[in-house]
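Protein chains get the first letters and strands the later ones, always in sequence-line order, with residue 1 at the start of each.
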Number of protein chains: 2
Amino acid sequence: MSATRARFAVRMRLYIDDVVAIGPGKVDLLEEIAETGSIAEAARHMGMSYKRAWTLVKTMNTAFAGPLVASETGGKGGGGAELTPLGQRILATYRQAEAAATKASAPHVRALKKALK
Amino acid sequence: MSATRARFAVRMRLYIDDVVAIGPGKVDLLEEIAETGSIAEAARHMGMSYKRAWTLVKTMNTAFAGPLVASETGGKGGGGAELTPLGQRILATYRQAEAAATKASAPHVRALKKALK
DNA sequence: CCGCGTTATGTTTCGTCGGAAATAACGAAA
DNA sequence: TTTCGTTATTTCCGACGAAACATAACGCGG
């Protein structure tokens, strides 16, 4: 028991050859892109630069069997982006893995928190 | 299926006020200290500087209700360090949480890996 | 009482990652 | 054909964190 803020975070990353194919930040970005239909808008929402968002998308798209994000330039609103079916599957599966891991570790985590100052 | 190396990593961290009380690196260090009886030796084994190892230990010791590592200077061999009972408990509990999380997420992780290039 | 290996800690140097800015292309709509 | 907001990409620069380096203290054993 304390007045301080104790957080616990389970973070899972899938690596391929030392590059992160998918991880916490990338999944959040996927989610935001799905909601906004735009990489730029998603980046704004997440408080990151467009360049960073774009870099993450590129990494994901090249790491998997196919792109997770499909984008197009020009047109109404200047263009946009959306998740591919694969992207949707990856997103959902990752969230499931995350939820399962968090739930399974919960009892032990509680024990750890009790040992905090 | 691919010739490349795909790794999956579940990393859990317990934060207190924006500092990591315990995490993957710190736990590994605890384990190494328990085995070697020395912070310096543990650091060598892990390929990190003594300074870094010491910093990690200090953080852990101050974040929890009591120190996880007890150390002494001078004496035979120059000194040494060992885990306190609390340190042993934290180590064990963390590993349990880790194992539970890994096991619970395994099926989903398999699915993710199949989608890799 | 001197040397040795360790704990303990401060200072400074350096590499890397991300942000900022600049530029181009694109295509629909006005 | 001009405007507009997006995707796409490069170059440059600063901040942050880790590594490197430098000391000091400690206490047993020879």
Chemist: Within the structure, does a side-chain N or O atom of B/W54 lie under 4.0 Å from either OP1 or OP2 of C/dA8?
Modeler: yes
Chemist: By the 4.0 Å heavy-atom rule, please label B/K51 as base, sugar-phosphate, or nothing.
Modeler: base
Chemist: Has B/T84 got a side-chain atom pairing as donor or acceptor with B/P67's backbone, closer than 3.5 angstrom?
Modeler: yes
Chemist: Classify the nucleic acid contact of A/E41 as base, sugar-phosphate or nothing, counting any heavy atom under 4.0 Å across all strands shown.
Modeler: nothing
Chemist: Name the pairs: protein N/O against N/O of nucleotides 26-30 of chain C, kept only if under 3.5 Å.
Modeler:
{"unit_1": "C/dC26", "atom_1": "O2", "unit_2": "A/G74", "atom_2": "N", "d": "3.0"}
{"unit_1": "C/dG27", "atom_1": "O4'", "unit_2": "A/G75", "atom_2": "N", "d": "3.1"}
{"unit_1": "C/dG27", "atom_1": "N3", "unit_2": "A/G75", "atom_2": "N", "d": "3.4"}

Chemist: For B/G37 and A/S49, find the nucleotide of DNA chain C closest to each by heavy atoms; which residue's nucleotide sits nearer the 5' end?
Modeler: B/G37
Chemist: Within the distance-only criterion (no hydrogens, no angle test), does the side chain of A/N61 pair as donor or acceptor with the backbone N or O of A/V69 below 3.5 angstrom?
Modeler: yes
Chemist: Going through the distances and angles, do B/D18 and A/R7 end up as a salt bridge (Lys or Arg N to Asp or Glu O under 4.0 Å)?
Modeler: CA-CA 9 Å; B/D18 291 336; A/R7 293 170 291 140; 3.1 Å; yes
Chemist: Show, in sequence, the C-alpha distance, side-chain angles and deciding distance for A/M60 and A/L30, and conclude whether the side-chain contact (heavy atoms from CB on, under 4.5 Å) test is met.
Modeler: CA-CA 10 Å; A/M60 286 188 275; A/L30 282 186; 3.8 Å; yes
Chemist: Surrounding CD of B/E31 (heavy atoms of other residues, nucleotides or ligands, distance under 6.0 Å), is the total greater than 12?
Modeler: yes
Chemist: At the 4.0 Å heavy-atom cut-off to chain B, mark where contacts on DNA chain D begin and end, going 5' to 3'.
Modeler: D/dA19 to D/dC28
Chemist: Are A/V20 and A/K26 close enough, and set up right, to give a side-chain contact (heavy atoms from CB on, under 4.5 Å), and what steps lead you there?
Modeler: CA-CA 9 Å; A/V20 178; A/K26 293 195 175 72; 3.7 Å; yes
Chemist: Applying the 4.5 Å side-chain criterion to the ILVMFWY set and letting contacts propagate, would A/V27 and A/L29 be lumped into a single cluster?
Modeler: yes
Chemist: Would you tell me if any nitrogen or oxygen in the side chain of B/R52 comes within less than 4.0 Å of OP1 or OP2 on C/dA8?
Modeler: no
Chemist: Between A/D17 and B/K117, is the closest basic N to carboxylate O distance under 4.0 Å?
Modeler: no
